[in-house]
Amino acid sequence: MTVAPDYSEKIPNNVDLREDRRLQRALESWQPNFLSWWESMGPSLATRDVYLRTAVNVGREGWAHFAHVPMRDYRWGIFLAERDPGRLVGFGEHKGEPAWQQVPGEYRADLRRLIVIQGDTEPASVEQQRNLGATAPSLYDLRNLFQVNVEEGRHLWAMVYLLHAYFGRDGREEAEELLHRNSGSEDSPRILGAFNEETPDWLSFFMFTYFTDRDGKYQLGTLKESAFDPLSRTCEFMLKEEAHHMMVGTTGVDRVVERTAQLMVENDTDDVAGSGAIPLSVIQRYLNFHYSVSLDLFGGETSTNVANYYTAGLKGRWNEDRRRDDHKLTGDGMMVDALVDGQIGQAEVAALTGLNTDLRREYIADCTTGVNRWNKILESAGLPHRLALPHIAFNRKVGAFAGIEVAPDGELLTADQWQARRGEWLPTDVDKTYVTSLMQPVYERGRIASWIAPPRNGINGQPFDYDYVHLG
Ligand SMILES: [Fe+2]
Ligand SMILES: [Fe+2]
């Protein structure tokens with residue numbers, strides 16, 4: 001049930017776009033707007049070409065093609081995972097009915113909203129990362145940054161396709177808005193808080209791709225379950241690309257920790273700033289920041305909207321089909337984090353309204369594996385130091401803990417105590433200035449900046465000293 005991808009078209013696709021001239025024309029008229037957005041808000045470093053992966057198919061094998069391409073000529077295409085003609089809705093009140101190939105009128109506004117929120121994050125991250133090319137620690141890292149950027153651009157295409165194909169005029173208007181809102185803009189910021197934060201340096205970039213992009217992975221996982229089949233198939237394919245973004249974050253932090261550990265051992269000191277590396281205490285503060293703002297992305301502990309989305313079949317749970325329950329949850333309860341008499345505690349709520357908490361817990365468990373991995377690096381270097389995820393209530397701006405101040409170990413603080421000590425736990429101006437001072441570009445093949453270890457493997461079987469990027 002899949003159409004062979006057509007690369008002779010202006011817009012590569014496997015959705016048989018040429019059979020729908022109206023839709024094709026609408027997308028072709030959005031394309032120049034996308035390109036001018038990319039020119040003005042995308043990567044600012046001039047390059048001749050970059051060794052990029054381009055999605056060319058959706059099958060298990062050979063779905064991507066690697067080559068040096070000028071970024072402006074990247075073939076942003078529309079790819080949906082193969083259709084399963086027998087697919088049934090897996091949860092909610094429509095469980096067991098055939099998956100929807102069209103948007104039911106009663107869910108139109110909610111589905112559009114979900115697609116717009118997801119779509120808004122994709123170009124936002126490109127905007128946040130636009131100046132990082134100027135300070136890349138190696139050509140390998142520079143290439144990975146651009147790979148993430150072009151794929152976030154493709155994810156925008158994925159959402160815009162759905163808006164154009166299934167939501168008529170409103171959808172087309174929303175697609176325009178996705179290019180008009182900008183990360184950090186005073187007048188028209190991006191929808192979610194973490195996507196208006198800066199990504200000013202590469203430590204932030206690795207933390208962002210580890211923690212914030214990982215939120216994206218979990219959101220896509222819930223939309224992959226959607227009864228609206230085109231959305232499900234789109235997200236399934238996006239998750240395939242997302243795996244590379246996760247790898248960039250995970251191994252990026254690995255390599256920073258590895259370099260720091262190496263210098264701590266060599267020089268027998270915690271203070272590696274003198275040798276051009278990033279002290280563990282600074283890494284911990286960056287981690288605290290990115291983790292806590294990413295927790296906020298999952299929303300409040302309870303949400304009736306999300307309960308309604310689930311019941312309607314719009315948005316499922318992470319790994320819905322592996323859950324051993326009735327996939328309706330109507331009579332079930334669960335415990336969620338809550339403020340109880342001013343103290344951090346738990347409260348019982350209907351399972352349906354607690355679904356944000358359920359997703360956040362899955363995400364936290366995943367984040368724990370990253371920290372364990374980084375601690376293994378410290379351990380094998382023979383160091384007693386360890387990194388840790390801060391307490392769930394630390395530095396929260398959304399949900400039950402938004403109104404309180406909490407230390408990374410979970411201790412409740414007064415506002416004064418928080419003010420006095422926050423510099424121990426969140427990146428300070430001194431930290432940021434120091435990290436920024438390390439951000440000197442290294443563009444020679446096979447060389448790398450002082451603050452990070454080289455990767456264990458290159459891209460697509462190429463060595464680390466490959467000419468991943470030709471500068472312009
Ligand atoms: Fe994405
Ligand atoms: Fe991503």
Side-chain angles (χ1 to χ4, degrees), residues 34 37-38 41-43 50 52-55 58 63-64 71 74-81 114-130 132-133 141-163 175 178-179 181-183 190-192 194-197 199 202 204-224 226 230-253 290-291 293-294 297-298 315 318 359 363 366-367 370 459:
F34 170 81
W37 166 81
W38 177 265
M41 300 304 290
V50 182
L52 291 175
R53 169 176 87 176
T54 304
V58 296
W63 65 275
M71 263 195 290
Y74 189 78
R75 305 303 310 276
W76 283 282
I78 298 164
F79 295 100
L80 274 61
L114 288 170
I115 292 168
V116 165
I117 290 174
Q118 181 61 40
D120 194 67
T121 66
E122 313 285 357
S125 64
V126 176
E127 293 165 353
Q128 290 170 290
Q129 295 159 16
R130 87 173 292 250
L132 287 174
D141 290 289
L142 186 58
R143 177 263 166 211
N144 284 348
L145 166 71
F146 292 150
Q147 183 70 58
V148 170
N149 292 161
V150 294
E151 285 175 349
E152 301 304 5
R154 205 202 67 74
H155 293 174
L156 171 60
W157 270 97
M159 293 297 120
V160 164
Y161 163 73
L162 294 175
L163 290 169
L178 287 170
L179 297 175
R181 281 186 295 272
N182 290 140
S183 178
R190 292 294 175 183
I191 297 170
L192 301 172
F195 291 88
N196 288 303
E197 299 284 349
T199 311
W202 281 76
S204 300
F205 173 64
F206 293 134
M207 291 293 177
F208 181 96
T209 38
Y210 190 85
F211 290 108
T212 307
D213 237 0
R214 189 171 305 273
D215 155 72
K217 169 183 159 183
Y218 281 80
Q219 302 300 340
L220 290 176
T222 66
L223 296 174
K224 184 185 78 127
S226 183
L231 175 60
S232 161
R233 291 165 56 209
T234 302
C235 292
E236 189 178 334
F237 186 65
M238 289 163 76
L239 279 166
K240 205 163 183 163
E241 292 167 312
E242 211 59 56
H244 177 262
H245 309 184
M246 301 297 102
M247 186 283 283
V248 169
T250 308
T251 59
V253 180
H290 286 271
Y291 175 68
V293 300
S294 300
L297 290 170
F298 292 85
K315 192 178 165 180
W318 181 254
L359 191 63
Y363 168 83
D366 196 354
C367 291
I459 292 298

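Indexing begins at 1, ligand by ligand and atom by atom, following the structure's order. None of the values given here were measured: they were computed from a predicted structure.
- Of the inter-residue distances, the one linking E197 atom CD with L192 atom CG reads 12.0 Å to the nearest 0.5 angstrom.
- Nearby protein atoms of type N, O or S around the Fe ion (ligand 1) amount to 3 (distance under 2.8 Å).
- Between F237 and W63, the ring center distance clears the sub-6.0 Å criterion.
- In this structure, K315 and Q219 have side chains that are in contact, with non-hydrogen atoms separated by less than 4.5 Å.
- A donor-acceptor contact under 3.5 angstrom links the side chains of E151 and H245, judged on distance only.
- Using modelled atom types and a 3.5 Å distance limit, the side chains of T212 and S294 yield a donor-acceptor pair.
- With L156 as reference, L178 is the one residue of T121, D120, L178 to meet the side chain to side chain contact (heavy atoms under 4.5 Å, CB included) rule.
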